[in-house]
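A short write-up of the structure that comes next.
Everything numeric here is computed off the predicted structure, so don't read it as measured data. In what follows, chains are A, B, ... by sequence order, proteins preceding strands, each numbered from 1.
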Amino acid sequence: MSNSFELCVGPIHPALKEPIQLDFEVEGERVKNVSFKLGQVHRAIEWAGMRRNPIQILYLAERICGICNVCHPMAFSMALEKIAEIEVPKRAEYIRVINAELERIHSHILWAGVAAHELGFDSVMHYTWRVREKVLDIIEMLNGNRITKGVFMIGGVRRDVKKEHIPKIRQALQYYRDCYAKLEKIFLKDASIKARTRDIGVLSKKEALKLCAVGPTARASGVKKDIRVDFAYAAYPWLDIKPVTPEIAGLKARGDTFDRILVRLLEVKQSIDLIEQCLNDLPAGPILAEPVLQKLLVQLKGVEGESIALQEAPRGELIHYLKMAAQDSPYAWKVRAPTYANLPPLIPMLSGCEIADIPIVAASIDPCISCTNRVVQIDNDDSILSMDKLRELSVQKTNKILREVKK
Amino acid sequence: MKPAGVVNSFKKEFENNIEIHTSEHGKGKKKTVRVWITVKNKDFKKAVRHLFKLQEFPHFSVSSGTDLGKEIEIINHFVLNYGERLKAIPVSIKVKLPKRKPEMETITDLFPSAIISEQEKMEMLGITIKGIPRNRVFTDESMPSNAFPWRKDSKGVEKIARNLHEEKRGNKK
Amino acid sequence: MINEIALHSPALAIAIPLVFAFLLPLLKKWKKLAALMALIGFGAAETMAVLVFKSVLTEGIKVYVMGASSIGQTTPPFMPVPVRIILEIDAFSALMGLAGATIALLAAIYSIKFIKESHVKYYSLLLLMLAGLLGFVFTGDLFNLFVFFEVLSISSIGLIAFWLKRSEAVEAGFKYLTISAVASLFVLFAIGLLYGEHGILNIATISRDMLFYGFAFTDIIALGLLVCAFAMKCGTAPMHFWVPDAYGEAPAAVTAVLAIASLSSVYALLRIAFTVFGPLPHTEIIAYAVIIMGAISLFVGATMSLVQKDLKRLIAYAGVSQTGFILVAFGVGLVAINNVPLQAFGLRAMQGGLFHLINHAFYEALLFLVAGAIIYRAGTKDLNELGGLARQMPLTAVFFLIGAISIAGLPPSNGFASKILIYESIYFFSPLLAVIALISSVIVVVPMVKAFCSAFLGPEIKKFKSVKEVPGSMILAMLVLSIIVIFFGLFPGIMLESIVNPAVNALLNQAAYVGGVL
Amino acid sequence: MGINTLNRSLWVFHVNTGSCNGCDIEIVAALTPRYDVERFGIKLVGTPRHADVLLVTGAVTRQMKDKLLRVYEQTPDPKVVMVIGNCGATGGVFYESYNLVGPVDRLIPVDVFVPGCPPRPEAIIEGVVKAWKKLEELEAAGKRKKKRAKEAKE
Amino acid sequence: MLGMVKELLVQLFKKPATNKFPVKYAPKSITGLLEKVEKGQAKLNEPVPVPEGFRGRLSYDRKKCIMCKQCIKVCPAAALEVDEKNNRIKHFVSRCTFCAQCVDICPTKALSMTNEFLLSAYDKKQGFVEVKEQPKEKKEKAIAGEK
Amino acid sequence: MTMDFSVLLFVPVFSITAILLGLFFRGIDRKLGAKMQARIGPPIIQPFIDLKKLLMKENIVPENAIKWVFNSMPLIALSASILVLLYVPFLGFPPLLSGYGDLILVLYLLMIPALALAVGGFSSGSTYASVGAQRELVLMMSYEFAFSIVIVTIAWLVTKTAPVINAFSLVSISVVPVWGLVGVMGFIGLLLLLLALMLVMPAELGRLPADIAEAKTEIADGVFVEYSGRNLALLYLALDVRTIAFSSLVVALFFPFAFTEFVPLQGIVAVIANALFFLVKVFIVMFFGSIFVHVAVARFRVDQAARAYWGPVLLIALIGMALVMWGTVLG
Ligand code: SF4
Ligand code: SF4
Ligand code: SF4
Ligand code: SF4
Ligand code: SF4
Ligand code: SF4
Ligand code: SF4
Ligand code: SF4
């Protein structure tokens, strides 16, 4: 048995619910080298999008990834609304935020369960998924489906938050406030979880900046990037919102797996608050700029121009670039999902880990390969982007000096 | 730093070799201003480097690419002031590559994570980015080597594209 | 005629290999004949060893005198030391001799195909080694002991460095040479001291002398020197460093013999401690020293074995750990001699130790022969390169498994049978010691599993696709050893009764040894 | 023995051949307390070697085709294949593509389709019920056939 | 220290959160059970109820349809086709994404969504079920027998 | 080792009982685990159904595997597990087989299933399995230390205080319950030893938090990865029987009391009562050593597990040992 061997995780592997292939060079239990190969879920969505009309694209975009499927149609509509100069009614903006934040709750809790599962802590997984059902019920009540919400429309939203919904939403928020304490106790106080995550998979603030990490991954390293705060979109500019970093809990940001858990848990709390604010401030008014869809389609057919929409998905910054050229279908459509930006930081996180750490560290960026594969392909000489390569690039300056000294 | 400051700084540096315009996103008083910069291909790298003069760690989001017919347009999207409430300034730097010789320089030395974007552009648009290896990655070997999905003139993709709905009806055993 | 032979069997057992060793070079031109002759030599020596063993078991201690007829006499008279060869063989030495001769015979059979060059030189040295070994365990005289010790060492060095082309082999030979020289010096010095004190070198006589007239200070120094020397030569920690090199580099068949040769040093150590110095108060110190050395060997051997990548070195380190077992057991036995409440446990410990010594000789030999078989076919002993051989060499794999199970002391092997005796006795002396023994034994399991899996399991490696099972003669040797190992494991009771107990009693019964000569 | 035992001890292996995750998370949800398919003896296993049922989601990308086939081969007989979600059955929303070679039933035989995008966990459970039924009917048919063959002989 | 301990022990004595759809444990023989259900000797448990506005299987009212084909135009999954022969709209359940976009756009409300979601089938063909003339009531019991 | 005819007769009976009990307890384990996770969980007979199912499944030998090794290891694992049971007092009966040093034999026999698993893992030629096998070995080295301390100390204690010839025999230990042999100090020592043994239990049985060798989410069931059908069934059975065997060992070492000691009963009633009482004891040991632990903690990493067993657990065992020795020598 050679001490150093290749371990390929995926594309079909129980730790990964989605196909991705991580190739590890392992010595004993320690990871020496990581590389990943993506593309297994490439379904040609952008290509297909360039031959469909905007309303159809909403649902196509929604199925880029089923986990946080609010963000893609939302970003797409935002981009198109900018080009078509459609003013979204204020009520619709608030409902968009409510949906986006419900989604964040569902996504983060789901993630917490998956992370627990990666740690072999199935009781926690069962617990988290049990409490997640509540938010799914709310989503189903608001939108008619547990997972694919199908609530966005260019110029607003398709379904209103009705009066009778509001108490139920409030009740669910209270429910989450109650379980939040329990979740916090499980994830932040449990010795075995702490032992498995503290100082594991560290991403320093500098690396996070240099490698352009986004979302909770970046915030756990103390980088305060948050589109909801920094950019004006939807109803966020009117809400009271601060980027969540470990400092909020009075801790120093270490950028390890534990911090990433912490940030996500705190964001669940933040989402609860945001929804509460939205419910309180929810203005009256229409929910669609153009309720007659036939008219809307005709209108969209005539627009020309390009635009970019940024959106804070549960996993971080999501970008849609759209170019319309007075045709039925977009002239160009480019999507960049957050995981795309978070994969390069994964490499410094994983190097030097042990095999047993791989799943939890990989999961700690909450990768959603479905999005990423649509748009990403990492590759290099030997058809994989070697960790050395990235590392070398990322810490080029210091390394250069070091290498010269060695020679 | 304000969006106007960014515009001025670029104008000063590149004088006439640059086209700049801005667009506004968001509502009422709370707005984000996006800066669109179009530079010549030879100035591209310099423009990207200029971002580092404005901020220590500018953020790179993605690069998008469009086939404009005679040219291929590559836009690299960056963000300045990322992490400050309502102050972020998105900057998009455009270059246009002639179809006959679509070549540009890599920015992976400045933004390591751009490698993903750049390789995608090479594969999807058939351009060349100097300094990083070319590889067929999204798609596998069964994809014709001349097929570039995002090119409007490439017929290779149409040849292998299928409609899964129809396939079944024709193929049922 | 048979009786005649039986009568002279001790001398013949030594003489035959010696004579063959010197005759063999004459047959240099007829290689096949030379090999055949060598085998005959080994066979004859084995026969003699069996005869000796049988007669010792039935008739008790056997004394055989060559040369001068009385103990004090020197011939020629001006010689400072009497040139007289007294062989005194009790059940323990007979057992050692038998084991040595058997393993040597099997090694010789194994070598027919295994050794591809310089047959004559090889067999001569091996015969010489056997002669040295047999003389070493049979002799009843310290000076002869020294002489045979030297014969054994020199022939061993020659064999360790047999593959002169390999620099590692030469280096290993050199290491062994150094350690042998130092050990020899110690022995010589001790003998000098003892001679100065007692004026005689016959073991029995010295022993009686001490029994009657008590200890002299020089005796204690001599004792210390001898213990040091033999401990060094049997490869116990912390003087084990030569073992992996020597065992690793010598041709596999030689390693098997070398292992029993090292064990003969344990024999000498025990002989000195139990028979010469006997139940005297100072043996307690020796006993503790032995236990500590043993415990260190146990642990060091096991843990070092864990990190080896070279198959033979891995086995060698595991072997060091087993030597530790033997020493610990005898150490406890030695303590128990003078300690009444412990006596029952002490006896059990010694039974265990002795049984383990014999078992160890056989399974270690088996393991080394298997390692040789792997080298013979695959051309490497690097575990990182090996793999998947169980497909092509299923028999060898089974043999290895048998050896591995034994050395790891898993039931139902002979290693388990003897180890359990040891645990069961030493725990009362010190529970911690038993725990260390247990855990070392558990640790040894790991490298053995690792070695088995690396070499024999795993996906097929292209390089070894054309590898075949080893030739019949090698299989035969390994098969016989495996049968012995399994038999010992399945019927430990019988073995204890018929072999081990007589030997233990012989070792404990100092008076009988002394009386045998005088 | 027979189908009766297989039915009550279905071990499933989940293959994502390019889905959007929607179905995948609903599969996982079916395992968690609210739906808890373990009460039927259903267990998610980590390797196709242990599996009785393959749950396939997604419209099969080019890259996953070989892997899907390999997993199918690695699964010991008897086995059941269930396609969860419409994109596995017909391509669904991804019907038009250059990188898809599905739907799943073009590549491997499929026993049960569970339509939905994504189907609710209950719908997946209903699919399992259908699978049970199919297995039972198959066995019954096999027995009848045997019986008839026997009678014919006599 | 061990965050879960209390929660687990408490849960040990609580009712599980599981909804026992369709039966608590796997039956020895499902066909037998279904026969019994048919005869009314056994009952199946209901699934978690769907809320109002649930997007289930599509239903279609030919009488209201004016064949404007708007629904086909917006359907993201090409699940609707024109059935020229019968002069009606044809719907493929196994292609549908259940987005209800066609329902939204239909000018005459000829299309609507039902609560039906237990749709599994042995054959995809059976999934190509035509749009039903009348919205069927609770079809969860579909499980009781394959149509 | 003594062997007479009646023993031979009882061996199959015991083996079958052991297997049935193993499955039964696995069923309870799963049920309770599910219950604690707020689920209904599988019916208690689920393991039996699983077993039957596995037996009728295809048994695939992977291409890279060495067939004879691959196929023989599950058998070895199961037989060794059953053999352990024959050496420990079971269901209130004295052990079927006994002889010199059974305790050490038991210790070794308990190792064999783990070894067989490791070898089987290596032999399957998959990387995941090899990683799993290596972990199994590392783990084994770590917990065996504490385990042997417990066993040797108890043997020592028994010899020292209640001189019996055969201190390593479980018969003698169950005749003289250890608790009666010590003073207060020794009592605490024994409690610590019991704690150490319970801590060793999950590792010995390959359950969480030490199911590192099969860690599903990390290395896809590790050593089991390539096994299917009959072989897999045998492996699961081996694990189940090993669980029973280990729990019985704990019971025999620390709680050898028979029901009839408290309530005088006669004849067949006594036998049944003792058997039931024994099962209850085994269940309690299993509950705390395995069932509860594996739902309440996350999986350790192999180095963490090794460190835990070489560190705190070993320390607990050593202190226990020291206290027992101290208490005995003083008292
Ligand atoms: S693709 Fe997945 S299942 Fe296949 S060999 Fe690689 S890791 Fe194993
Ligand atoms: S994966 Fe990306 S490149 Fe491929 S079709 Fe979808 S959007 Fe286009
Ligand atoms: S960001 Fe990730 S989770 Fe969200 S839709 Fe995209 S792929 Fe899915
Ligand atoms: S003509 Fe206009 S309003 Fe009438 S159905 Fe068509 S799109 Fe609708
Ligand atoms: S984040 Fe993506 S990869 Fe990770 S568990 Fe969720 S769906 Fe799977
Ligand atoms: S059927 Fe729908 S929800 Fe399921 S994987 Fe496919 S697109 Fe996603
Ligand atoms: S519900 Fe959506 S997918 Fe289904 S037919 Fe209507 S528009 Fe098409
Ligand atoms: S949109 Fe309505 S009316 Fe028009 S074709 Fe479709 S179903 Fe008929």
>> Need one label for Y35(D): side chain, backbone, both or neither, based on atoms under 4.5 Å from any heavy atom in chain E.
In response: both
>> Tell me whether the count of non-hydrogen atoms from other residues, nucleotides or ligands lying under 6.0 Å of CD in E52(E) goes above 12.
In response: no
> Taking Y122(E) for the side chain and K130(D) for the main chain, is one N or O donor matched with an acceptor at less than 3.5 Å?
Replying inline: yes
>> What verdict does the side-chain contact (heavy atoms from CB on, under 4.5 Å) test give for F92(E) and T90(D), after you've listed the backbone C-alpha separation in whole Å, the side-chain angles of each residue and the deciding distance to 0.1 Å?
In response: CA-CA 10 Å; F92(E) 300 86; T90(D) 59; over 6 Å; no
> Counting only heavy atoms not in K36(E), do more than 12 sit closer than 6.0 Å to its NZ atom?
Replying inline: no
> Any idea which of A78(E), A77(E), C99(E) has the most non-hydrogen atom pairs under 4.5 angstrom with chain D?
Replying inline: A77(E)
> Checking K24(E) against chain D: side chain, backbone, both or neither under 4.5 Å from a heavy atom?
Replying inline: backbone
> If you count heavy-atom pairs under 4.5 Å with chain D, which of P76(E), A79(E), G56(E), P16(E) comes out on top?
Replying inline: P76(E)
> Do you know which two heavy atoms are closest between L34(E) and K133(D), and how far apart they sit?
Replying inline: CD1-CD, 3.4 Å
>> I need the minimum non-hydrogen distance between N19(E) and E122(D), along with the two atoms involved.
In response: ND2-OE2, 3.7 Å
>> For K43(D), is the NZ atom crowded, meaning more than 12 foreign heavy atoms sit under 6.0 Å from it?
In response: yes
> Checking E137(D) against chain E: side chain, backbone, both or neither under 4.5 Å from a heavy atom?
Replying inline: side chain
> Which atom names give the shortest non-hydrogen contact between F21(E) and F40(D), and what distance separates them?
Replying inline: O-CZ, 3.8 Å
> For the residue pair S120(E) and P115(D), what are the closest heavy atoms and their distance?
Replying inline: CA-CD, 3.5 Å
>> Which heavy atom of C117(D) sits nearest to which heavy atom of C96(E), and what is that distance?
In response: CB-O, 4.1 Å
> Are R95(E) and N86(D) close enough, and set up right, to give a side-chain contact (heavy atoms from CB on, under 4.5 Å), and what steps lead you there?
Replying inline: CA-CA 6 Å; R95(E) 291 182 191 174; N86(D) 274 348; 5.7 Å; no
> Just by distance, do the side chain of R120(D) and the backbone of V48(E) share a donor-acceptor pair under 3.5 Å?
Replying inline: yes
>> Can you give me the closest heavy-atom contact between P27(E) and R8(D), atom names plus distance?
In response: O-CD, 3.6 Å
>> Can you tell me which of A123(D), P33(D), G22(D) forms the most heavy-atom pairs within a distance under 4.5 Å of chain E?
In response: P33(D)
